[in-house]
Engineer: 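Below you will find the structure I want to go over with you.
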Number of protein chains: 2
Amino acid sequence: MKRRVTLKDIARETGVHVSTVSRALDPVTRKAITAEVAEKIQAAAERLGYRPNRIAAGLRTNRTMTVGVMIPDITNVIFPPILRGIESVLEPLGYASIIVNTDGEKERESRLVNVLRDRGVDGIIHAAATRDDPMVARAAEDGMPIVTLNRRVEDGGIPFVINDEQSGICQMLRHLMELGHRSIAHIAGPQDLSTGQLRLAAFRDAMAETQLACNEGLIATATHFDESEGARCVEQLLASGLRFTAVLCANDRLALGAIERLHEEGLNCPADVSVSGFNDMPFLNLIRPRLTTIHIEQHGAGQAAARLLVQLLNGAESEQLPTETILPVRLVVRESTGPAPAP
Amino acid sequence: MKRRVTLKDIARETGVHVSTVSRALDPVTRKAITAEVAEKIQAAAERLGYRPNRIAAGLRTNRTMTVGVMIPDITNVIFPPILRGIESVLEPLGYASIIVNTDGEKERESRLVNVLRDRGVDGIIHAAATRDDPMVARAAEDGMPIVTLNRRVEDGGIPFVINDEQSGICQMLRHLMELGHRSIAHIAGPQDLSTGQLRLAAFRDAMAETQLACNEGLIATATHFDESEGARCVEQLLASGLRFTAVLCANDRLALGAIERLHEEGLNCPADVSVSGFNDMPFLNLIRPRLTTIHIEQHGAGQAAARLLVQLLNGAESEQLPTETILPVRLVVRESTGPAPAP
DNA sequence: AGCTGTCATGCAATCGATTGCGTGGAGCTT
DNA sequence: AAGCTCCACGCAATCGATTGCATGACAGCT
């Protein structure tokens with residue numbers, strides 16, 4: 001196990017001072033060095049197999065070229081594409097990311113923010129904020145560049161990237177109405193998650209714009225974004241005795257659970273009841289009936305957040321950056337929605 | 001934006017030397033300090049909100065408490081659980097991980113190994129090795145602790161963790177034979193990936209142990225582990241004109257693609273042809289017919305690899321560590337396999 | 001020829017924590 | 001009371017790269 005090559009080694013080899021070597025190896029400062037000397041130094045660096053020590057540089061410059069990425073849970077299929085989006089922007093610029101999972105727990109979230117700070121990350125992309133976290137707020141106050149993803153932040157000038165939930169719900173509602181549905185139920189997501197909240201609000205708004213009264217009895221709220229909650233909620237809707245011919249769900253997994261339970265109750269989708277999802281998660285094309293849903297740009301959202309963060313890292317003031325970036329969404333009509341059955 | 005608190009600040013505050021502060025704050029060296037003084041220092045550290053600078057410590061100790069994790073692609077659903085397994089072991093010990101995606105490209109793999117080395121990771125968990133990579137070999141030679149996952153490494157004493165592919169294929173073959181199948185086809189995975197290779201070899205071995213001759217015509221090889229290749233391969237098998245009543249696939253996605261194409265050709269699964277998968281990936285319970293497959297311990301594999309790496313990091317010699325760790329697999333019988341149809 | 005300006009390079013401090021070695025004082029022995 | 005041991009703590013070097021400032025040489029100008 002041989003010792004690593006340092007600037008000092010190159011300096012000794014080439015007979016110049018380490019500071020000269022340092023300057024010759026940095027493309028920005030190289031212009032201050034005679035071309036001939038710079039080339040000699042570069043050649044020596046190459047020959048000796050020099051690899052800069054980022055730790056040492058980081059200590060001096062206070063930049064680690066590392067960013068923290070906070071997500072609720074990597075096993076949730078919507079996050080990997082987001083991470084690839086982030087990576088696609090950050091990696092070419094020489095940044096690496098440390099990914100942490102909060103599991104939606106506030107206490108864990110606070111702790112992990114500090115873990116990231118202790119590690120000296122240059123900035124944070126936060127895709128897991130449930131609500132205002134004091135540690136996150138503190139980090140922001142202390143000057144840590146932060147961008148949030150999938151979450152609107154009211155206070156503070158923290159830039160955020162979200163999908164156009166409003167438009168998505170709207171497009172889906174219009175689609176269902178064009179199919180003749182008039183009694184439309186909603187399975188809302190957890191209200192402590194911003195997506196759940198935003199989509200429910202969007203549903204109420206969209207319904208208000210139609211002639212239809214929004215029957216609060218036709219809104220069931222899930223405690224988690226998963227299949228079993230979708231099933232439970234649709235059961236609750238059925239038990240209410242209220243008639244509905246379509247269920248607009250806040251998320252694909254809720255929709256899948258709902259369809260399954262409806263099927264168990266002898267109701268077929270889309271013949272008897274239309275069901276729609278939201279997110280267009282991977283593998284949806286393999287599940288029957290193929291789900292009509294709202295496609296969101298996961299990869300694009302990651303890229304957008306990363307680009308914003310890079311600007312902050314490069315010294316852009318939050319004021320000159322867009323506080324909100326709203327990504328377009330797209331209706332994807334597949335098989336789980338169809339004409340409303342005759343009454 | 002206030003300056004961060006350093007050891008020097010605490011030293012000034014408490015009237016002792018920074019080295020004393022350093023020792024008082026490290027549980028290991030604390031015993032060398034008078035209890036009273038140590039408490040005073042800890043109190044001051046607490047009061048001032050001291051957070052150790054890992055970068056500075058890393059420069060001096062040459063340990064970053066960071067490990068690199070190399071995977072082919074995080075959007076492949078089998079990797080997130082592995083990562084959570086790794087995290088569950090590493091995070092409590094104070095390690096963070098930098099995850100990189102190789103996309104199965106050799107050139108990218110080499111480059112990323114160097115990225116990780118430059119960042120001074122203490123060790124690497126490599127779950128993306130396609131074949132021997134010179135940079136990985138070099139890193140190992142230079143003393144970088146490395147553990148590979150899902151890949152057998154012949155040369156060098158690099159410890160590896162793999163699933164018991166052999167046993168999985170064997171169990172599945174026995175299951176199919178118990179259902180009366182005698183003409184069994186295999187859709188093999190890409191042969192440049194170790195899992196593809198191992199499972200094909202296991203299939204041949206297992207067939208050899210039965211009375212049945214292994215008909216090479218009933219083996220189709222996919223170029224990727226995805227649905228379209230599963231479809232293409234099953235088509236190829238059908239085109240061969242050879243009779244088969246079951247298809248043992250090297251991977252769930254190949255199986256899903258195969259089932260779909262069979263269906264399009266008017267062959268139902270499992271009534272006409274039984275199809276089996278491998279991996280038991282998430283969401284399989286939502287796809288009809290529910291796939292019979294081999295469950296592998298993804299989370300457990302991550303944990304096992306992480307535990308091995310920790311031992312290496314703690315100075316265990318490779319010699320005293322198990323070179324191979326083979327994780328048990330489990331047959332999961334669902335709906336895609338059934339009795340062989342009468343001839 | 002002498003003076004000024006410019007530019008390449010060297011010098012040394014610095015980032016913050018760790019750690020081998022030195023030292024002074026307290027307590028104990030004879 | 002002199003000498004000894006032991007231990008808590010201080011001192012200072014160190015990790016490797018960066019960077020403001022100093023310096024020296026050389027060219028150009030009058």
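Just so it is clear, the structure is predicted and the values come from calculations on it, not from any experiment. Lettering follows sequence order; numbering is per chain, from 1.
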Engineer: In terms of the nearest nucleotide of DNA chain C, which residue is placed more toward the 5' end: B/Ala56 or B/Thr29?
Structural biologist: B/Ala56
Engineer: Is there a donor in the side chain of B/Asn101 and an acceptor in the side chain of A/Glu87, or the other way round, less than 3.5 Å apart?
Structural biologist: yes
Engineer: Going by atom types only, do B/Thr66 and A/Arg119 share a side-chain donor-acceptor pair under 3.5 Å?
Structural biologist: yes
Engineer: Do the non-hydrogen side-chain atoms of A/Ile71 and A/Ile82 ever get within less than 4.5 Å of each other?
Structural biologist: no
Engineer: End-to-end bend of the helix from C/dA1-D/dT30 to C/dT30-D/dA1 (five-pair axes, 10° rounding)?
Structural biologist: 60°
Engineer: Name the nucleic acid region contacted by A/Arg23, choosing base, sugar-phosphate or nothing; use a 4.0 angstrom heavy-atom cut-off, strictly under.
Structural biologist: base
Engineer: With a 4.5 Å heavy-atom cut-off, do A/Asp103 and B/Arg84 have their side chains touching?
Structural biologist: yes
Engineer: May I have the distance from A/His17 (atom NE2) to D/dA22 (atom C1'), rounded to whole angstrom?
Structural biologist: 13 Å
Engineer: Mapping B/Leu59 and B/Thr20 to their closest nucleotides on DNA chain D, which lands nearer the 5' end?
Structural biologist: B/Thr20
Engineer: Grab the two heavy atoms, one from B/Gly120 and one from B/Thr64, that are nearest each other, plus how far apart they are.
Structural biologist: O-OG1, 2.7 Å
Engineer: Pick base, sugar-phosphate or nothing for B/Ser19, based on heavy-atom distances below 4.0 Å to the nucleic acid.
Structural biologist: base
Engineer: What are the bounds, 5' to 3', of the part of DNA chain C that sits under 4.0 Å from heavy atoms of chain A?
Structural biologist: C/dA8 to C/dG16
Engineer: Do B/Gln303 and B/Ser88 get their side chains close enough for a donor-acceptor pair, meaning under 3.5 Å?
Structural biologist: yes
Engineer: Would you mind reading off the distance between A/Arg30 atom CZ and D/dT19 atom C1', rounded to a whole angstrom?
Structural biologist: 18 Å
Engineer: Looking for any heavy atom pair under 4.0 Å, which part of the strands does B/Val21 touch: base, sugar-phosphate only, or nothing?
Structural biologist: nothing
Engineer: I need the minimum non-hydrogen distance between B/Val69 and B/Ser97, along with the two atoms involved.
Structural biologist: CG2-CB, 3.8 Å
Engineer: Taking the side chain as C-beta and beyond, is there a heavy-atom pair between B/Ile125 and B/Met70 under 4.5 Å?
Structural biologist: no
Engineer: My understanding is that only one of B/Ile158, B/Val121, B/Val310, B/Leu312 makes a side-chain contact (heavy atoms from CB on, under 4.5 Å) with B/Pro145; could you say which?
Structural biologist: B/Leu312
Engineer: Hey, is the side chain of B/Thr34 poking within less than 4.0 Å of OP1 or OP2 on D/dC9, counting only N and O atoms?
Structural biologist: yes
